[in-house]
Amino acid sequence: MSLLQPKTLKPMSTSEAVAYAVKQTNVDVIAAYPITPQTIIVERLSEYVNNGELDAEYVAVESEHSAMSACVAASLTGARVFTSTASQGLALMHEVLYIASSLRCPIVMAIANRALSAPINIHCDHSDVMGSRDAGWVHIFVENGQQAYDRIFQAFRLAEDEDILLPVGVNIDGFFLSHAVEGIATISDNEAAMFLPPRRTKYYVDSSMPMTFGAFALPDWYFEIKEQVASAIEKVPKKLAEVEKTYYQMTGRMYGHVGAYKTEDAEVGLVCAGSAAATAKFAISRLREKGIKAGLLSIRLFRPFPVESILPHVKGMKALVVMDRAMSPGAPSAPIGQDIKTMLYDAGINIPVANFVYGLGGRDISAAEFESIILKMVEDLRSGRPIERGVRYWGLRS
Amino acid sequence: MEVRFHGRGGQGVVTAARLLAEACLLENKYSLSFPEFGPERSGAPVRAYVRISEEPIEVRSLVYDPEIVVSIDPRISSSTEILMGLDEEGTVVINSKNVSDSLLKAISSKPRVKLFYLDARGIALSLGDARFENSAMLGAVAKATGVVSLGSLESVLKTRFKGTVLENNLKAMQLGYDKVGQA
């Protein structure tokens, strides 16, 4: 990965970086609810539109339910559409999320991942997106502001591909990323336009060429239409790899479906998503200095779950630790734990998986904590102690 | 290098951290600044952090063992809470006319810690507005720690402010740089 000199980077919060990227995509319509739990993202975009820097329709709606409804309608006209939300806002959009994917609307949404009430919280966790994970959206997690900026362009190109035509969520950890300022390498407006030409689509609302969108489908066809969504999302890993390759040729930056670090000879693999994966990477580099064979698998593409990209790294590992920043109360595993265990079972790999829920409601997790989690697993393996199955909680007050 | 800022909502604590991080970028160092996360409420205690490194920054957790602690609020400056987790060879820069006995006592267990103080509020008020005290404190941080040059901080201020607001912030920063004293 090519590294730019820090002095050439632009200081931006991740929210500002996302807004700047969206401006450079020449988005046509932004519909958003501009009040809490919103972020700086739509505030900046409204300024860009107001200042005449961005020629887009900015629709300030009265709720997130309306925001997503407006996005669906706008997207069906063939427009390039963006919105952003977090926590309660994503929950309020819930029923329209399914409509967006089933009507094949390539909307891009930045989600500043935050806890769901109650208690009222506002801080980071992944409860919001995990509650929406079966809605037929592509979901990408990012570890820093640079990834967030780059993924916005990739998300539009992927979403608007006629083989895909699905909405994409770019998930940025609330506060840990959304409010953190760092140097961001940007592309020029020209490069953005080359990478992402105006959207072209075959089917759109046009009075000279009448078509029906959102039609009724009873038991005779409903099932087939839903299966088409599932079949389209299965094409995402291959398509995203192509999109990333093109982006890499322009920028020298590429992230992949999974961020693997030191997995080649790792005995214990740590699976994680979002900003904590970056902290975990540092923890693993420290463990490696002590001779501990640990590796990291950062889930960057979460839906579809990139089984083919993860499996080669897992083969040869003796155990996995899966860290989930969301609960699935009553389920045998937390969300990412469920996916990992299903993947292992299907591949015929029977290794112990420790599944921890951590960091709910913004509780921090440090590099030292990651180190101790991995060290405990290494010791358990060496001493032959059985690995506790089921969900455990990390960092819970006693 | 990790820095922790203490202060209250409305005193420009988060802005000070951001300005420091931006100045470090200008000096070709990687930096990351972030607030301790909450709805900004006027008057409530606020913390903000900066990480500075020659290498790209991975760690995204809060800062637990800062090398530098800065207190922008005069009352928080007398609290020993600001020393929490401070590196054995760390530096403390507080906004205060003098150093409280309790702080001196607490710091005596870490003999290599350096303590600096500045009457940033006095400087800010002499320029007509208490809101200049964060700029005065940044000037003091530049002198006391050498983590960043005054020139880089001035360059960052010039990208953000204009006119008399810029002039007064630059003056406050220079005065902070000139007047900071070691306890």
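Quick note on labels: first sequence line is chain A, next is B, and so on, each numbered from 1. This structure is a prediction, so every number in the text was calculated from the model and none was measured.
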Distance-only donor-acceptor pairs under 3.5 Å for side chains of residues 3-12 of chain B, two or more places apart:
residue: B:Arg4; atom: NE; partner: B:His6; partner atom: NE2; Å: 2.8
residue: B:Arg4; atom: NH1; partner: B:Met84; partner atom: O; Å: 2.9
residue: B:Arg4; atom: NH2; partner: B:Ile82; partner atom: O; Å: 2.7
residue: B:Arg4; atom: NH2; partner: B:Met84; partner atom: O; Å: 2.8
residue: B:Arg8; atom: NE; partner: B:Asp73; partner atom: OD2; Å: 3.2
residue: B:Arg8; atom: NH1; partner: B:Gly43; partner atom: O; Å: 3.3
residue: B:Gln11; atom: OE1; partner: B:Arg8; partner atom: N; Å: 2.8
residue: B:Gln11; atom: NE2; partner: B:Asp73; partner atom: OD1; Å: 2.7

note = Per-residue tally against chain B (heavy atom, under 4.5 Å) across A:Gly145, A:Pro11, A:Ser285, A:Ala367 peaks at A:Pro11
ask   = Are any side-chain N or O atoms of B:Asn28 and backbone N or O atoms of A:Lys7, one a donor and one an acceptor, separated by less than 3.5 Å?
value = yes
ask   = So does B:Lys110 have more than 12 non-hydrogen atoms from other groups sitting under 6.0 Å from NZ?
value = yes
inquiry  = Give me the atom names and distance for the closest heavy-atom approach of A:Leu9 to B:Tyr30.
reply    = CD1-CE2, 4.3 Å
message = Can you tell whether the side chains of B:Lys29 and A:Glu182 come within less than 4.0 Å, N to carboxylate O?
response = no
ask   = Does B:Arg160 CZ have over 12 foreign heavy atoms under 6.0 Å away?
value = yes
message = With a 4.5 angstrom heavy-atom cut-off, is it the side chain or the backbone of B:Ser33 that approaches chain A, or both, or neither?
response = both
request  = Decide if atom CG of B:Asp101 counts as having more than 12 heavy atoms of other residues, nucleotides or ligands within a radius under 6.0 Å.
outcome  = no
Segment of B:Leu25 engaging chain A (4.5 angstrom heavy-atom cut-off) = both
task = Apply side chain to side chain contact (heavy atoms under 4.5 Å, CB included) to the pair B:Phe34 and A:Leu177, showing each step before the final yes or no.
result = CA-CA 8 Å; B:Phe34 49 103; A:Leu177 293 181; over 6 Å; no
Under 3.5 Å, which donor-acceptor pairs do the side chains of residues 269-283 of chain A form with other protein atoms, sequence neighbours left out?
residue: A:Ser275; atom: OG; partner: A:Asp173; partner atom: OD2; Å: 2.5
residue: A:Thr279; atom: OG1; partner: B:Arg60; partner atom: N; Å: 2.9
residue: A:Lys281; atom: NZ; partner: B:Glu58; partner atom: OE2; Å: 3.1

task = Determine the minimum heavy-atom distance between A:Met12 and B:Arg18, stating which atoms define it.
result = CA-NH2, 4.0 Å
ask   = If you draw a 6.0 Å radius around CZ in B:Arg131, do more than 12 non-hydrogen atoms from other residues or ligands fall strictly inside?
value = no
ask   = Heavy-atom count around B:Lys105 NZ within 6.0 Å, excluding the residue itself: above 12?
value = no
inquiry  = Would you compute the distance between atom CD of B:Glu22 and atom NZ of A:Lys10 and round it to the nearest 0.5 angstrom?
reply    = 13.0 Å
ask   = Does any non-hydrogen side-chain atom of A:Asp364 lie less than 4.5 Å from one of B:Tyr64?
value = yes
